[in-house]
Amino acid sequence: MSSATAIHDAHDDHGPSKGIMRWITTTNHKDIGTLYLIFALIMFMIGGAMAMIIRAELFQPGMQLVDPAFFNQMTTVHALVMIFGGVMPAFTGLANWLIPMMIGAPDMALPRMNNWSFWILPFAFTMLLSTLFMNGGGPAAGWTMYPPLVLQTGDAFPFMILSIHMMGISSIMGSINVIVTIMNMRAPGMTLMKMPLFVWTWLITAYLLIATMPVLAGAVTMLLTDKFFGTSFFSAAGGGDPVLYQHVFWFFGHPEVYILILPAFGIISQIIPTFARKPLFGYSSMVYATASIAFLSFIVWAHHMFTVGMPTAGELFFMYATMMIAVPTGVKVFNWVSTMWRGSMTFETPMLFAIAFVFLFTIGGFSGLMLAIAPADFQYHDTYFVVAHFHYVLVSGAVFSIMAAAYYWMPKWTGHMYDEKLGKIHFWLSAISMNVLFFPQHFLGLAGMPRRIPDYSVQFTGFNQISSIGGFVFGLSQVLFCYIVYKTIKGGQPATDNVWEGAHGLEWTLPSPPPYHSFIEAPAVK
Amino acid sequence: MAVRGAAAFSSLLIPMGASAEYGLNMTEGATSLSHEVYGLHMTILWVCVVIGAVVFGAMFYSVFKHRKSKGAVAANFHESTFAEFAWTIVPILILVSMAIPATKTLLAMDDLSDSDMTIKVTGIQWKWKYDYLDEDISLVSNLAPEHAKASQRNSGIDVTKIENYLLEVDNPVVVPVGKKIRFLMTANDVIHSWWVPALGWKKDAIPGFVNEMWARIDKPGTYRGQCAELCGKGHGFMPIVVVAKSEADYKDWVAMKREEKAATLASADRAWTKDELMKKGQQVYTTTCMACHQANGQGLPGAFPALAGSPVVKGPVEGHIGVVMNGRQGTAMAAFAGLMSDVDIAAVITYERNAFGNDTGDVVQPSTIKAARK
């Protein structure tokens, strides 16, 4: 510790600038990581507020609070905000904070680009959210933006497209930075197969992002030219095909769902060994499983489109390929359970979230396997069963992993322990209300309730009310999370360097909080 | 058990309407295909339950047994090629055993040979049109008017008192039992999806393309469903009602529809009074126009234009007729020439020109519309 502090002191003369300019002009990976994480938390609360409006309207049949048009804007913008503004920036924030510290580097490889890739986001989302106040309202065709419906969007249309372009540019720059950092800045001795799994999963995620964000950009640009420049990519009347858009979109969209979950796999693979006090079981098979999932994610996209009328051979191919994803995903779950097996476990808040992740994400995986069965998907497709499925993998999957990461590394970042008691209350409130919120949606879907409807037949009332109550409790619990974060930043019991008894890895060799430039001298890795 | 548990749980929290039900599972449906799909669903569900029990059983055993507070000392094993191999191969075998029946069902679904009759289904914002290609009859199916009124925001109508709320139409699609019916799916404006759970599938209706699917319904009955693909503001308000009848009853229904069609055609030839047209026009407006242009004719600013004081409605009659019959490209305004009779079009135009304070005094006769079709 003393040597690292000495290095820190020696470099104070070019430390951060003061006040607001520190945050605007920063090129420091920790500052930028903090900006990303705070931005993600703000977006998570805004997107959550939209979900509250949705659940309030669905509390009982009949239209009470909003018009159907506004309801559709809420479902659309909720998804865009949560995916592109919540989960993705949160993972990028974690990558910024952790990757240099985990591989023994002083900072990210491309600091100025790092600054730019963050500062695009507030503008992109200000623009997206401003569409809600425009003539005709915000985008209302779903986050998938299927034509021809999306072409009926009012003044919001070009702003939506431009904001998506900006989000894409931000993600691509962030990914380039991650890849360059990992490839070039590892400490001597840190071979690829010695990297922490969080670094591995992010490396693979970054490649997925670079491969697919331009595809999304192409798809939405074609929408733009169809609307304003007289092209007919997606209009049958002009020789195009509306289904072409869906193929292009989901060629981006399916890898995207792994972009939202692979870093979560990495986080969980860091946390479970720490609190089981036992090395991760099957490290190399975890790396290979991650790579296999990434590869398979490129050849399963049309399982989102089983009902569009594909040739039989196409449906069979996409059904088989999708079922195959269960194999490497299963390997991961088995490895996590084997890591816990015969460990010496304690259950601090990060571990609670990690165990909930393994349990609940796997339930989402099971419903995913059910959805892969094409003939059964003809019933499940576009119902609340699908809504339940992807919220199990995204809320109790991606979001819970981010919560786990926040509790796990916050003492390192801030130098203060969080309030363990409040953390546990937050966990139990979130875990229980999340299930009250989303589990009944499986039943609603199976019983025949389509997704994205603002009003429903009376027979669906019971489970919708239970779901809404779960939703309100889940939403309020996250206010507690904001308070815990605030409290930890402000003060608390000082954290030791190692923070957790069983923690291993380079980030734990640095002081808490770590110096402004993480590793001025590369540490030796055995 | 689970049903009772859930109901008991929720009744603690909130008073429930007497009509609240807790449907838990997929319907077995009323066709051979829907039974197969139900079978696949239950099989894969139980496979997941069994795997889940094993995996979560091991995990929670470990969570309770291998904890530091109980004095557990961590082992140090962290690799086993045999284990990795085993939990790769076993899932693959399970998946193959699932893929075989799924493939069989899929092949059966895609076999459209030897169908007995064909119905073309057209999705339109926000209604369905059915053309019986072998019988030369067609009908347009809208959300039933009282449901449309009740679903207006703050309508003051207790929707729990309405039977089959949002799942009732003015004109159901009637089919015979025991026949292999081929459905052709297409759309006029945006993508819709035709879904009746009891038939075991949904299929997208895509503008400019035709999809096909089939059903053979076992027993007479009323089967309800709705649009499953987000299609705009009225997506939640375009239900489907299939009424399956015996062969004889179906024949009677076809004969009745043919008579109705002839009567409708004939009624266009006589002169209608303004009162008759206004009354009819209001009905048509409620089922067809109100979702966008609103009950008061004010529309929704930025999305759907107002009819009250509209230059089209207050302008020359020919322009108004043109918009209603031919629609507006790229908007939700459909071409109603193919969807409504001469009388309905004449009535609704007359209504729009005299309601909402427009008071033009114009009367459009069905014969004018008939002439405009030529």
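Convention: sequence-line order gives letters A, B, ...; per-chain numbering from 1.
Interface residue B:Gln152: only backbone heavy atoms are found under 4.5 Å from chain A. In this structure, the portion of A:Pro454 lying under 4.5 Å from any heavy atom of chain B is its side chain and not its backbone. For A:Phe347, the part lying under 4.5 angstrom from a heavy atom of chain B is the side chain only. With a threshold of 4.5 angstrom between heavy atoms, B:Val90 does not approach chain A through any atom at all. Only the backbone of A:Val66 comes within contact range of chain B, with heavy atoms under 4.5 Å apart. Using a 4.5 Å cut-off between heavy atoms, A:Ser235 does not touch chain B at all. Neither the backbone nor the side chain of B:Asp158 comes within contact range of chain A; no heavy atoms are under 4.5 Å apart. Interface remark: A:Tyr146 contributes side-chain atoms only to the contact with chain B (heavy atom separation under 4.5 Å). Of the two parts of A:Ala69, the backbone and the side chain both hold a non-hydrogen atom closer than 4.5 Å to a non-hydrogen atom of chain B. Contact annotation for A:Asp241: both backbone and side-chain heavy atoms come within less than 4.5 Å of a heavy atom of chain B. The parts of A:Asp67 that come within reach of chain B are both its backbone and its side chain, each placing non-hydrogen atoms under 4.5 angstrom from that chain. Contacts between A:Ala289 and chain B at a heavy-atom distance below 4.5 Å are absent for every atom of the residue. The parts of B:Leu45 that come within reach of chain A are both its backbone and its side chain, each placing non-hydrogen atoms under 4.5 angstrom from that chain. Contact of B:Ile94 with chain A is not made at all, since no heavy-atom distance falls under 4.5 Å. Both the backbone and the side chain of B:Leu106 come within contact range of chain A, with heavy atoms under 4.5 Å apart. For A:Met370, the parts sitting under 4.5 Å from any heavy atom of chain B are the backbone and the side chain alike. Contacts between A:Ile355 and chain B at a heavy-atom distance below 4.5 Å involve backbone atoms as well as side-chain atoms. Only the backbone of A:Leu280 comes within less than 4.5 Å of a heavy atom of chain B; no side-chain atom from C-beta onward does. With a 4.5 Å cut-off on non-hydrogen atoms, A:Pro440 does not touch chain B at all. Both the backbone and the side chain of B:Ser80 come within less than 4.5 Å of a heavy atom of chain A. Both the backbone and the side chain of B:Ile191 come within contact range of chain A, with heavy atoms under 4.5 Å apart. For B:Asn25, the parts lying under 4.5 angstrom from a heavy atom of chain A are both the backbone and the side chain. Neither the backbone nor the side chain of A:Gln73 comes within less than 4.5 Å of any heavy atom of chain B. Interface residue B:Met109: only side-chain heavy atoms are found under 4.5 Å from chain A. Contacts of B:Met213 with chain A are made by side-chain atoms alone, with heavy-atom separations under 4.5 Å and no backbone atom involved.
Counting heavy atoms of neighbouring residues, nucleotides and ligands inside a 6.0 Å radius, atom CZ of B:Phe77 exceeds 12 of them. Dense packing is recorded around CZ of B:Phe60, with more than 12 heavy atoms of other residues, nucleotides or ligands lying under 6.0 Å away. Summarising the local packing, CZ of A:Arg342 is surrounded by 12 or fewer heavy atoms from other residues, nucleotides or ligands at distances under 6.0 Å.
For the residue pair A:Glu348 and A:Thr346, a side-chain donor N or O sits within less than 3.5 Å of a side-chain acceptor on the partner. A donor-acceptor contact closer than 3.5 angstrom links the side chains of A:Ser285 and A:Asn335. Using a 3.5 Å distance cut-off with no hydrogens or angles, the side chains of A:Tyr320 and B:Thr103 do pair a donor with an acceptor. For the residue pair B:Trp195 and B:Glu229, no side-chain donor N or O sits within less than 3.5 Å of a side-chain acceptor on the partner. Between A:His389 and A:Tyr380, the side chains place no donor N or O within less than 3.5 Å of an acceptor N or O (distance only, hydrogens not considered).
Chain A forms more heavy-atom pairs under 4.5 Å with one residue of B:Val159, B:Thr105, B:Leu230 than with any other, namely B:Leu230. When the candidates B:Ala83, B:Ala58, B:Gly200 are compared by the number of heavy-atom contacts under 4.5 Å with chain A, B:Gly200 comes out ahead. Among A:Met319, A:His442, A:Met449, the residue with the largest count of heavy-atom pairs under 4.5 Å with chain B is A:Met319. When the candidates B:Phe237, B:Tyr38, B:Phe304 are compared by the number of heavy-atom contacts under 4.5 Å with chain A, B:Phe237 comes out ahead. Ranked by non-hydrogen atom pairs under 4.5 Å with chain A, the options B:Arg67, B:Arg153, B:His78, B:Met26 are led by B:Arg153. Heavy-atom pairs under 4.5 Å with chain A were tallied for B:Cys231, B:Ala150, B:Ser69, B:Pro91; the largest tally goes to B:Cys231. Top candidate by heavy-atom pairs under 4.5 Å with chain A, chosen from B:Ser151, B:Cys227, B:Ala108, B:Ala75, is B:Ala75.
A:Phe472 and A:Phe59 have tilted rings, their planes meeting at an angle from 30° to 60° on a 0 to 90° scale. The aromatic rings of B:Tyr165 and B:His147 lie parallel to each other, with less than 30° between the two planes, well short of the 60° mark. Relative orientation of the A:Tyr245 and A:Phe234 rings is perpendicular, given thresholds of 30° and 60° on the angle between their planes.
Just one of A:Ile325, A:Val327, A:Val331 meets the side-chain contact (heavy atoms from CB on, under 4.5 Å) condition when paired with A:Thr329; it is A:Ile325.
A donor-acceptor pair under 3.5 Å is formed between the side chain of B:Lys202 and the backbone N or O of A:His381. The backbone N or O of A:Ser232 lies less than 3.5 Å from a partner atom in the side chain of A:Asp226, making a donor-acceptor pair.
Counting only heavy atoms from C-beta outward, the side chains of A:Trp341 and A:Phe281 never approach each other to under 4.5 Å. Side-chain contact between A:Glu57 and A:Phe71: present, with at least one pair of heavy atoms (C-beta onward) separated by less than 4.5 Å.
Using a 4.0 Å cut-off between charged side-chain N and carboxylate O, B:Glu36 and B:Lys104 make no salt bridge.
Annotation: cation-pi geometry not satisfied between B:Lys203 and B:Phe183 (NZ/CZ under 6.0 angstrom from ring centroid, within 45° of ring axis).
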